[in-house]
Amino acid sequence: MAKKEKKEKKNKTINDPLAGLKLVLRYVFYGIGCYATFMAIYFFGPTIQQKIKDAMSDVLVLGESNFDAALARNEEIMVEFYAPWCPHCKRLAPEYDTAAAQLKSHNIQIGKVDCTQHNALCKKYDISGYPTMKIFVKGEDEPKSYDGALTADAIVSKMLHEVMSEPIPETQGDNKKIVAKNFNDLVINSSADVFVKFYAPWCGHCKAMAPAWEEFATAHKDDDSIIIGDFDATANELGKSI
């Protein structure tokens, strides 16, 4: 029976003058379908993936439609202004997600604005580089800039108003490691003359200066009247420590 049906189908194909054209059209439509599917994945796949990530994150996704409402319902909120292509923003993303999850238990929210999608909002706050972090406090006209370390711990400490400090070193070299927790002892309450280099690890000028600063510290290592050290201003805050 199966052979008979197959034979009839073959005869029908042979007798149909449009059979070849139909076969060609079938493959053409199949190719168009595959191409359309590929292009949809290519152009919309990353967007869909990002939307899934955003839905799973505790970071608020903000834009013109909900920005003011987010500021109104939070006494204080940190907002990251970013661009998806920015390498620093990409490195910050998992840290920011972690910070949002930790702050959620304290009823504190943080948000983000994609400046490639909400250009007008970013222009309103003079965003010229990415990522730019600002803290909006209810009742204050201007937001405060956040220039601390781009780590979950630093962001959480900032939003909880804790003193941000690196651990006090167990041992010290000629160039003393000064942090928020030992700033009083080594600088404020010291009877010596103290030279402190405030720096940021990413700063090119700071990196260029580092060898000369180490040499300066070594040259005065036996002089008890002088203390020479450096202070990472992105990982330490002095506000409540001095």
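Here the structure is a predicted model, which is why all the values come from computation and not from measurement.
How far CD of Glu64 is from SG of Cys122: 8.0 Å, rounded to the nearest 0.5 Å. Note: Arg73 CZ to Asn66 CG = 7.0 Å, rounded to the nearest 0.5 Å. Rounded to the nearest 0.5 Å, atoms CZ (Phe183) and OG (Ser165) are 11.5 Å apart. The distance from atom CG of Asn175 to atom CZ of Phe216, rounded to the nearest 0.5 Å, is 10.0 Å. Taken from CG in Asn107 to CG in Asn74, the straight-line distance is 10.0 Å, to the nearest 0.5 Å. A distance of 14.5 Å separates NZ in Lys176 from NZ in Lys197, rounded to the nearest 0.5 Å.
A continuous path of Ile, Leu, Val, Met, Phe, Trp and Tyr side chains, each step under 4.5 Å between heavy atoms, connects Met209 with Phe195, placing both in one hydrophobic cluster. Under a hydrophobic-cluster definition in which Ile, Leu, Val, Met, Phe, Trp and Tyr are linked whenever side-chain heavy atoms come within less than 4.5 Å, directly or via other members, Leu103 and Val137 are assigned to the same cluster. A single hydrophobic cluster is seen to contain both Met133 and Ile135, as judged by linkage of ILVMFWY side chains at heavy-atom distances under 4.5 Å, directly or through other members.
Shown here is His106, whose NE2 atom has more than 12 heavy atoms of other residues, nucleotides or ligands within 6.0 Å. In this structure, Glu142 places its CD atom where only 12 or fewer heavy-atom neighbours from other residues, nucleotides or ligands lie under 6.0 Å away. Other residues, nucleotides and ligands contribute only 12 or fewer heavy atoms inside 6.0 Å of the CG atom of Asp224. Within 6.0 Å of the NZ atom in Lys138, the count of heavy atoms belonging to other residues, nucleotides or ligands exceeds 12. Annotation for Glu215: atom CD does not count as buried by contact number, only 12 or fewer foreign heavy atoms lying within 6.0 Å.
Pairs engaging residues 141-212 under the disulfide (SG to SG under 2.5 Å) rule: none recorded [sequence neighbours left out].
Panel note: side chain Asn236, backbone Ala180; a donor-acceptor pair is recorded below 3.5 Å. In this structure a side-chain-to-backbone donor-acceptor pair under 3.5 Å is missing from Tyr146 to Thr132.
The side-chain heavy atoms of Ser190 and Ile227, taken from C-beta on, include a pair separated by under 4.5 Å. Between Lys177 and Glu166, some side-chain heavy-atom pair lies under the 4.5 Å cut-off. Between Lys144 and Met78, the closest side-chain pair of non-hydrogen atoms is not below 4.5 Å. Looking at Val61 and Lys112, their side chains come closer than 4.5 Å, going by heavy atoms from C-beta outward.
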- Item | Steps toward side-chain contact (heavy atoms from CB on, under 4.5 Å) verdict (Gln102, Ile108) | CA-CA 9 Å; Gln102 293 179 10; Ile108 296 174; over 6 Å; no

- Does the pair Tyr82 and Lys90 meet the rule for a side-chain contact (heavy atoms from CB on, under 4.5 Å), with working shown? CA-CA 9 Å; Tyr82 75 102; Lys90 291 178 181 179; over 6 Å; no

- Message: Test side chain to side chain donor-acceptor pair (under 3.5 Å) on Asp153 and Thr151; report intermediate values, then the result.
- Response: CA-CA 5 Å; Asp153 288 344; Thr151 64; 5.8 Å; no

- Item | Intermediate values then yes/no, side-chain contact (heavy atoms from CB on, under 4.5 Å), His220 and Asp193 | CA-CA 12 Å; His220 294 83; Asp193 294 323; over 6 Å; no

- Query: Step by step, would you call Val196 with Ile178 a side-chain contact (heavy atoms from CB on, under 4.5 Å)?
  - Reply: CA-CA 8 Å; Val196 183; Ile178 301 175; 3.8 Å; yes

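Between Lys134 and Glu80, no side-chain nitrogen of the basic residue sits less than 4.0 Å from a carboxylate oxygen of the acidic one, so the salt-bridge criterion is not met. Salt-bridge check for Glu237 with Lys158: passed, with a basic side-chain N closer than 4.0 Å to an acidic carboxylate O.
For the residue pair Asp232 / Thr234, a side-chain donor-acceptor distance below 3.5 Å is found, with atom types taken as modelled. Side-chain contact of Asp147 with Ser145: a donor-acceptor pair under 3.5 Å is absent, judged by distance alone. For the residue pair Trp213/Asp230, the side-chain donor-acceptor check at 3.5 Å is not satisfied.
Two rings, from Tyr199 and Phe231, have their centers 6.0 Å or more apart.
In terms of heavy atoms, His88 sits closest to Arg91 at ND1-NH2, 2.7 Å. Pairing each heavy atom of Val59 with each of Ala100, the nearest pair is CG2-CB, 3.6 Å. Ser157 and Met164 get closest at one heavy-atom pair: CB-CB, 4.3 Å. Heavy atoms only, all atoms of each residue included: Asp58 and Ala101 are closest at OD2-CA, 3.4 Å. Here the closest non-hydrogen pair linking Ala217 and Ile228 is CA-CD1, 3.6 Å. The two residues Ala149 and Ile155 make their nearest non-hydrogen contact at O-CG1, 4.3 Å.
Clustering of Ile, Leu, Val, Met, Phe, Trp and Tyr side chains at separations under 4.5 Å places Val79 together with Leu60, Leu62, Phe67, Leu71, Ile77, Phe81, Trp85, Val113, Leu121, Tyr125, Ile127, Tyr130, Phe136. Side-chain contacts under 4.5 Å among hydrophobic residues (ILVMFWY), followed directly or transitively, place Ile168 together with Val179.
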